[in-house]
Amino acid sequence: MFLAFSLVSAVTFSRVSLAQQQIDLVGPERIAELQPNGTLWIGFRVRVANPTDFTVRISSISWYSQVDNGSGDPRVIPLASNFTSGNLGLTVPSNGGGNLSFGWYITGETLTKLKGYVNFSNSHGHDYTLETIPYEHSFEFIGTLDDFKHEYLRENYLNGLVTIELVYTYSAEEA
Amino acid sequence: MKAERADIIGLVATTLMCSTPIAFLTFEFMWPNVSFPSIGMNLLVILLLSIVTGMPAGILNRRANVAIISVFLYTVLGYLLAFLFHMFPVVAYDVTLSIPGLYYAAFLRFTIVLLFLYIFGGIIGAVLGQYIRDSVGREETKVLWDKKPSS
């Protein structure tokens, strides 16, 4: 009997360890579209692939986008940010996955700064438009597998075993 | 002390039989969230189960010293089995799966507490098992002596 319990537990342990390797971000897309009314739309899309038998309960999703302004003032032009916490009860279904997309309209002063960035960069040999600026994106996904999350405060490693943490970053150096 | 064949058989049987609860309890103590059934790292339950686990050692072995040696042996085998269960993802699926360093640290950290409970509970269980064995033996003798000769 105890041998059967041990085997069941060990198999679950194995599947959880394997799920850590299998759940991944697929096909991240960085989008910048100039709207007919002159505003700029900054977007990010990604698919969380979950080929495992476990449902992933989302603890948090965060995304932000900015432009590295080099030595200019300000040094960074923040564009968009989005944070989703766990109390919304979002999940990524098992044996499939889920698509996540974020978007933000850039208008007013920020758009003026971006136009200034384009003009300055182009005067120094670049060939940028509002749609081709190397926008930086940073995305982080944290979720837990099924109901394996543990409430012990002392034993945090238990939640480490079942926590899925996926990070995507795209910086100006990669452009 | 000379080991008899019955002692060796009892020792081996006890070691094999009682090592699986120890393996499960050790694994469960490390990963209560993915274990089934989960006893939630409850030390009192582990002690009680250790006592129950030790009882066959007293029942199956005639000599008390062999029973106590078997407690040590099944604890060692149980730890080895638990270690094997921890290696299961690596052995069964993918040798490149990384094992967190904490895994070893936790094994070391938990060893003292668990070993104490297993050995202490096991010896108490073995003593209780010997009591049961003696009671059964006395009862058998009584029944045999009380039996009226068939006419």
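Computed from a predicted structure; not experimentally measured. Reminder, nothing fancy here: chain letters follow the sequence lines and each chain counts from 1. Both backbone and side-chain heavy atoms feed into the values below; hydrogens, waters and symmetry mates do not.
Ring orientation note: the planes of B:Phe24 and A:Phe2 are tilted relative to one another, at an angle of 30° to 60°.
Looking at heavy atoms from C-beta onward, A:Ser6 lies out of side-chain contact with B:Phe27 at the 4.5 angstrom threshold. Residues A:Ser9 and B:Phe85 fail the side-chain proximity criterion, which asks for heavy atoms closer than 4.5 Å.
Interatomic distance, OG of B:Ser38 versus CZ of A:Phe5, reported as 12.0 Å (0.5 Å rounding). Taking CG of A:Asp146 as the start and CG of B:Asn33 as the end, the distance is 11.5 Å to the nearest 0.5 Å.
Cluster membership check: A:Leu90 shares its hydrophobic cluster with A:Phe148, using side-chain heavy-atom separations under 4.5 Å among Ile, Leu, Val, Met, Phe, Trp and Tyr. Transitive grouping of hydrophobic side chains (ILVMFWY, heavy atoms separated by less than 4.5 Å) brings A:Val67 and A:Trp63 into a common cluster. Put simply, B:Ile22 and B:Met17 are part of two different groups of oily side chains (I, L, V, M, F, W, Y) that touch within less than 4.5 Å, one to the next. Under a hydrophobic clustering in which Ile, Leu, Val, Met, Phe, Trp and Tyr are joined whenever their side-chain heavy atoms come within less than 4.5 Å, directly or via other members, A:Ile133 and A:Val76 fall into different clusters.
The only member of A:Val16, A:Leu145, A:Val11 that meets side-chain contact (heavy atoms from CB on, under 4.5 Å) when paired with B:Val34 is A:Val16.
In the displayed structure, A:Tyr168 atom OH is contacted under 6.0 Å by more than 12 heavy atoms of other residues, nucleotides or ligands.
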